[in-house]
Amino acid sequence: MPCTIPCSSGAAGDWSNWWGFGIAVVIFAVLQSVLTPWAAKVARRNAPALLGGIGIVSTFIALLVVVLIPGAGLSIGAPWWTWVVAPMIVWVVTALATVFLPALFIKKKVGERREA
């Protein structure tokens with residue numbers, strides 16, 4: 001019996017093709033890492049007031065591209081507001097991970113050096 005997860009449309013997703021989701025994650029990560037510096041450079045040159053929103057805009061664009069790839073294992077459906085909420089959730093989680101993960105790893109390394 002395959003494992004299932006709920007999709008944004010309410011239908012059950014099928015984990016029997018888990019590699020599709022893995023591909024979606026890799027593509028999203030690459031797009032996000034390329035789009036953010038590029039968009040920041042363009043905004044800094046043409047519209048400095050938009051620099052604060054670069055993270056959310058690049059997250060939306062990366063999600064849009066990944067959703068459009070057939071077989072990528074990611075779908076964002078109706079209603080329309082899921083297209084607003086999904087990038088916000090991903091952006092907040094990414095921002096929190098950017099703040100807390102380095103501190104966690106530094107704390108672990110410091111603990112290892114103290115024991116040695």
Side-chain angles (χ1 to χ4, degrees):
M1 183 168 139
C3 220
T4 60
I5 60 166
C7 293
S8 59
S9 63
D14 185 4
W15 278 98
S16 62
N17 292 329
W18 59 269
W19 57 269
F21 183 74
I23 291 172
V25 169
V26 169
I27 292 171
F28 175 80
V30 169
L31 284 172
Q32 185 75 4
S33 65
V34 170
L35 284 172
T36 301
W38 176 78
K41 183 178 177 183
V42 170
R44 191 175 303 114
R45 190 174 11 161
N46 299 322
L50 296 178
L51 279 173
I54 293 303
I56 193 80
V57 171
S58 63
T59 300
F60 174 78
I61 293 169
L63 279 174
L64 178 66
V65 170
V66 170
V67 166
L68 293 176
I69 296 172
L74 183 70
S75 66
I76 302 174
W80 64 270
W81 55 267
T82 57
W83 280 97
V84 174
V85 174
M88 288 174 48
I89 291 170
V90 172
W91 178 70
V92 166
V93 169
T94 304
L96 290 173
T98 302
V99 170
F100 292 118
L101 284 179
L104 180 70
F105 289 123
I106 290 172
K107 185 177 179 180
K108 184 178 177 182
K109 285 288 187 188
V110 168
E112 288 175 359
R113 291 197 183 223
R114 284 186 183 167
E115 291 175 2

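Values reported hereafter were calculated over all heavy atoms of this structure, with side chains retained and with hydrogens, waters and symmetry mates removed.
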In the single-linkage hydrophobic clustering (I, L, V, M, F, W, Y; side-chain heavy atoms under 4.5 Å), do [X] and [Y] co-cluster?
X: W81; Y: M88; result: yes
X: V57; Y: V85; result: yes
X: I89; Y: W80; result: yes
X: V34; Y: I27; result: no
X: I69; Y: V30; result: no

Closest heavy-atom pair and its distance - [X], [Y]:
X: S58; Y: G55; result: OG-O, 3.1 Å
X: A24; Y: V66; result: CB-CG1, 3.5 Å
X: L35; Y: A62; result: CD1-N, 4.0 Å
X: F28; Y: T59; result: CE1-O, 3.9 Å
X: A97; Y: P102; result: O-CD, 3.5 Å

So, using side chain to side chain contact (heavy atoms under 4.5 Å, CB included) as the criterion, who are the partners of [X] when residues are at least two apart?
X: I54; value: T36, A39, A40, A43, L51
X: V92; value: L96
X: T94; value: V90, T98

Spacing of W91 atom CH2 and F60 atom CZ [to the nearest 0.5 Å]:
15.5 Å
